[in-house]
S.K.: 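My questions all concern the structure below.
Quick caveat, the model's predicted, so the values are computed rather than measured.
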Amino acid sequence: MDRIDEAVSGVLSRLPECRADAAALRAGLEYFGADVNALPRAAAALETNHDLRCAGVRKLLSLWLEDFASLLERRAPFAELSVPAPPALVYALHYAFPELRFMSAAMAAQIALRGVFLHTEPVDLSATRMRRCGLNSMRRRIAAEFSPRAVLQFGVLCDECCKACEGADGALSLVLPRGMSSAAARSFAAGYIGRLEAFFGRRITPEAKRGGFGLYARLLSAERRIAAVCAARSCLRGNSLALAQFTLLASPSRPEEAVAALEELAGELEAAPAARDYPGKRLYCFIVPFLQSAAAGRFMDSGVFLTGGGAFIELDAGPFIDLAGSVAAWAEAMAVRRPEAEYAAALAADIRRWGCGAYLGGSFNFARALGAAEPLRRLILKREYGIASFELGADFWSENCGRSDPAARAETISAMMP
């Protein structure tokens with residue numbers, strides 16, 4: 001048994017719920033050029049990086065690994081989704097067109113390669129010469145090499161998102177600029193839904209819409225339950241928390257199972273003993289860098305617990321009564337889309353709600369929209385709210401390698417924590 005087979009076997013033995021085919025996982029690792037030198041550490045690191053005691057965490061990891069394996073199995077046709085994508089619409093499409101799998105294969109590949117099998121080298125070698133989003137690059141590669149039936153892109157945070165697969169077969173994009181009115185966003189979304197129905201050849205039925213709304217309501221409820229427990233006490237490792245939070249942004253191909261896993265995780269955390277806390281200071285993250293496992297582990301070793309999730313803060317949005325309205329409300333609720341002073345105020349309140357004394361950003365500096373705001377955000381947090389901020393200086397997607405050492409930076413930040 002070689003290193004790849006040993007790593008796959010070790011990971012699957014720790015995820016008894018995982019239905020991914022071992023041969024397909026191996027093929028995926030070989031196809032994307034996974035680092036064979038990192039593979040021997042993958043299985044043990046999975047236990048270190050994630051709370052595998054929680055069935056909900058194991059099931060979420062399993063769903064993403066199964067989607068990754070399915071790429072190489074080339075099973076039922078799929079539609080590729082950008083990240084983030086509006087959950088209610090995605091779920092309605094899932095019910096309306098059951099012959100297709102709606103998923104983010106790019107996200108599945110990143111979780112499998114980086115988060116599970118510890119690959120840290122660029123997947124897109126052109127990214128070593130310029131600042132580029134690894135998730136967009138991965139989606140472009142998926143679209144070019146795996147022939148999805150459609151590529152659904154939503155430009156709500158990243159100004160490069162819809163350019164990634166522009167011109168690809170089946171590419172359908174919706175751009176909702178920041179600051180646009182609710183009425184305009186709803187109109188844009190209604191036109192987009194009409195284009196989707198024309199592309200797929202039939203309407204989204206009322207039953208499918210009700211199913212989408214119902215599953216979305218369950219998703220929100222489960223995520224809020226998880227956040228409430230984790231804000232009160234450190235009962236879930238930051239990597240597992242971020243894995244759960246990402247279901248708000250990206251869907252595996254079996255969304256009912258993903259939502260059920262979140263509900264199970266919420267119940268497990270609520271029933272966990274109150275004394276099950278990880279020691280150390282709590283550091284609030286824009287997103288816990290769970291694909292940078294070396295950095296996350298170094299924080300823990302230095303007595304700093306990563307938690308929070310500023311990218312997931314939701315503010316009040318207007319009510320909606322239809323699918324287009326749900327897309328508009330979804331975009332409007334994203335605090336990170338608001339003017340920076342408004343977002344910083346929401347961020348400061350959430351940092352305090354989570355009982356943290358400082359903020360960690362800097363994993364998305366490669367992004368023109370998200371990265372450009374980081375210095376102003378840190379200034380406002382310090383000047384207006386007295387909250388210290390730190391910058392990890394890492395690329396969340398590991399595409400721009402060699403520019404920094406996030407693990408070493410984690411050690412420095414830990415020593416500077418208030």
S.K.: Run the numbers on Asn239 and Val288 for side chain to side chain contact (heavy atoms under 4.5 Å, CB included), then give the verdict.
M.R.: CA-CA 6 Å; Asn239 289 333; Val288 175; 3.9 Å; yes
S.K.: Tell me, do Tyr385 and Arg352 make a side-chain contact under 4.5 Å, heavy atoms counted?
M.R.: yes
S.K.: Any ring-ring contact (aromatic ring centres under 6.0 Å, His included) involving residues 215-235? Give me the pairs, sequence neighbours left out, ordered by first then second residue.
M.R.: none
S.K.: I'd like to check Leu236 versus Leu265 (side-chain heavy atoms, cut-off strictly below 4.5 Å). Are they in contact?
M.R.: yes
S.K.: Do the side chain of Arg186 and the main chain of Ser326 share a donor and acceptor less than 3.5 angstrom apart?
M.R.: no
S.K.: Could you walk me through whether Ser182 and Glu332 satisfy the side chain to side chain donor-acceptor pair (under 3.5 Å) test, starting with their C-alpha distance in whole Å, then the side-chain angles of each, then the deciding distance to 0.1 Å, before giving a yes or no?
M.R.: CA-CA 7 Å; Ser182 297; Glu332 185 180 356; 2.6 Å; yes
S.K.: I'd like to know if the side chain of Arg203 and the backbone of Ala198 have a donor-acceptor N/O pair within less than 3.5 Å.
M.R.: no
S.K.: In this structure, which one of Glu263, Glu257, Glu256 forms a salt bridge (charged side-chain N to carboxylate O under 4.0 Å, His left out) with Arg218?
M.R.: Glu263
S.K.: What verdict does the side chain to side chain contact (heavy atoms under 4.5 Å, CB included) test give for Leu220 and Leu248, after you've listed the backbone C-alpha separation in whole Å, the side-chain angles of each residue and the deciding distance to 0.1 Å?
M.R.: CA-CA 8 Å; Leu220 291 177; Leu248 285 163; 3.9 Å; yes
S.K.: To the nearest 0.5 Å, what is the distance between CZ (Arg26) and OG (Ser9)?
M.R.: 12.0 Å
S.K.: Enter the distance from Cys54:SG to Ile226:CD1 here, rounded to the nearest 0.5 Å.
M.R.: 9.5 Å
S.K.: Which pair of heavy atoms, one from Arg233 and one from Leu269, lies closest together, and at what distance?
M.R.: NH2-O, 3.2 Å
S.K.: I'd like to know if Arg377 pairs up with Glu374 as an ion pair, taking the criterion as any Lys NZ or Arg NE/NH1/NH2 lying under 4.0 Å from an Asp or Glu carboxylate oxygen.
M.R.: yes
S.K.: Could you walk me through whether Phe200 and Phe102 pass the ring-ring contact (aromatic ring centres under 6.0 Å, His included) check?
M.R.: CA-CA 13 Å; Phe200 291 121; Phe102 291 87; 5.8 Å; yes
S.K.: Step by step, would you call Leu118 with Leu39 a side chain to side chain contact (heavy atoms under 4.5 Å, CB included)?
M.R.: CA-CA 7 Å; Leu118 307 183; Leu39 289 174; over 6 Å; no
S.K.: For Arg298 and Asp301, run salt bridge (charged side-chain N to carboxylate O under 4.0 Å, His left out): C-alpha distance rounded to whole Å, both residues' side-chain angles, the deciding distance at 0.1 Å, then the answer.
M.R.: CA-CA 5 Å; Arg298 191 70 63 86; Asp301 292 342; 5.3 Å; no
S.K.: Check the angle between the aromatic planes of Phe396 and Phe290 and answer parallel, tilted or perpendicular using the 30° and 60° thresholds.
M.R.: perpendicular
S.K.: Can you give me the closest heavy-atom contact between Ala105 and Glu80, atom names plus distance?
M.R.: N-OE1, 2.7 Å
S.K.: Would you say that Leu215 contacts Pro255 through its side chain, given a criterion of any heavy-atom pair below 4.5 Å between the two side chains?
M.R.: yes
S.K.: Sort and list the pairs that fulfil ring-ring contact (aromatic ring centres under 6.0 Å, His included) and have at least one residue in residues 316-348, not counting sequence neighbours.
M.R.: Phe213-Phe320
S.K.: Hey, does Glu160 have a side-chain heavy atom less than 4.5 Å from the side chain of Cys133?
M.R.: no
S.K.: Could you tell me whether the side chain of Gln153 and the main chain of Cys162 form a donor-acceptor pair under 3.5 Å?
M.R.: yes
S.K.: Apply the test salt bridge (charged side-chain N to carboxylate O under 4.0 Å, His left out) to residues Arg202 and Glu99: give CA-CA distance (whole Å), side-chain angles for both, the deciding distance (0.1 Å), then the verdict.
M.R.: CA-CA 13 Å; Arg202 61 180 185 270; Glu99 70 276 12; 2.9 Å; yes
S.K.: Taking the ring centre of each residue, are Tyr31 and Phe68 less than 6.0 Å apart?
M.R.: no
S.K.: Side-chain contact test, heavy atoms from C-beta onward, threshold under 4.5 Å: evaluate it for Cys230 versus Cys235 and give yes or no.
M.R.: yes
S.K.: Return the SG to CH2 distance between Cys18 and Trp64, rounded to the nearest 0.5 Å.
M.R.: 13.5 Å
S.K.: With rounding to the nearest 0.5 Å, note down the distance linking CD1 in Ile380 to CG in Leu347.
M.R.: 10.0 Å
S.K.: So, the side chain of Tyr359 versus the backbone of Phe286: is there a donor-acceptor pair under 3.5 Å, distance only?
M.R.: no
S.K.: Do Thr307 and Cys356 have side-chain heavy atoms sitting under 4.5 Å apart?
M.R.: yes
S.K.: Which atom names give the shortest non-hydrogen contact between Ala34 and Leu113, and what distance separates them?
M.R.: CB-CD2, 4.3 Å
S.K.: State the CG-CZ distance between Leu315 and Arg337, to the nearest 0.5 angstrom.
M.R.: 12.0 Å
S.K.: Has the side chain of Asp21 got a donor or acceptor atom that lies under 3.5 Å from a matching backbone atom of Ala24?
M.R.: yes
S.K.: Tell me if a side-chain donor or acceptor on Thr205 pairs with a main-chain N or O of Ala208 at a distance below 3.5 Å.
M.R.: yes
S.K.: Are any side-chain N or O atoms of Ser187 and backbone N or O atoms of Ala183, one a donor and one an acceptor, separated by less than 3.5 Å?
M.R.: no
S.K.: Which heavy-atom pair separates Ile313 from Ala346 by the least distance, and what is that distance?
M.R.: CD1-O, 3.9 Å
S.K.: What do the steps show when you test Ser234 against Arg282 for side chain to side chain contact (heavy atoms under 4.5 Å, CB included), and what is the final call?
M.R.: CA-CA 8 Å; Ser234 303; Arg282 288 162 63 93; 2.4 Å; yes
S.K.: Do the side chain of Asp67 and the main chain of Ser253 share a donor and acceptor less than 3.5 angstrom apart?
M.R.: yes
S.K.: For a quick test of reading the model, state the closest non-hydrogen atom pair linking His119 to Arg114 and the distance between them.
M.R.: O-NH1, 3.0 Å
S.K.: Within a strict 4.5 Å, meaning less than it, do heavy atoms of the Arg210 and Tyr95 side chains meet?
M.R.: no
S.K.: Under 4.5 Å between any side-chain heavy atoms of Arg225 and Ser221, yes or no?
M.R.: yes
S.K.: Assess whether side chain to side chain donor-acceptor pair (under 3.5 Å) is satisfied between Ser70 and Arg101, documenting all intermediate values.
M.R.: CA-CA 11 Å; Ser70 75; Arg101 294 176 299 141; 2.9 Å; yes
S.K.: Hey, could you give me the CG/SG distance between Asn136 and Cys158, rounded to the nearest 0.5 Å?
M.R.: 4.5 Å
S.K.: Tell me if the CG atom of Asp169 is crowded by more than 12 foreign heavy atoms within 6.0 Å.
M.R.: no
S.K.: Just by modelled atom types, is the Ser173 backbone N or O under 3.5 Å from a matching donor or acceptor in the Arg195 side chain?
M.R.: yes
S.K.: For Gly308, is there any backbone N or O sitting under 3.5 Å from a side-chain donor or acceptor partner on Gln245?
M.R.: yes
S.K.: Among Glu264, Glu17, Glu268, exactly one meets salt bridge (charged side-chain N to carboxylate O under 4.0 Å, His left out) together with Lys59. Which residue is that?
M.R.: Glu264
S.K.: Which atom names give the shortest non-hydrogen contact between Thr247 and Tyr91, and what distance separates them?
M.R.: O-OH, 4.4 Å
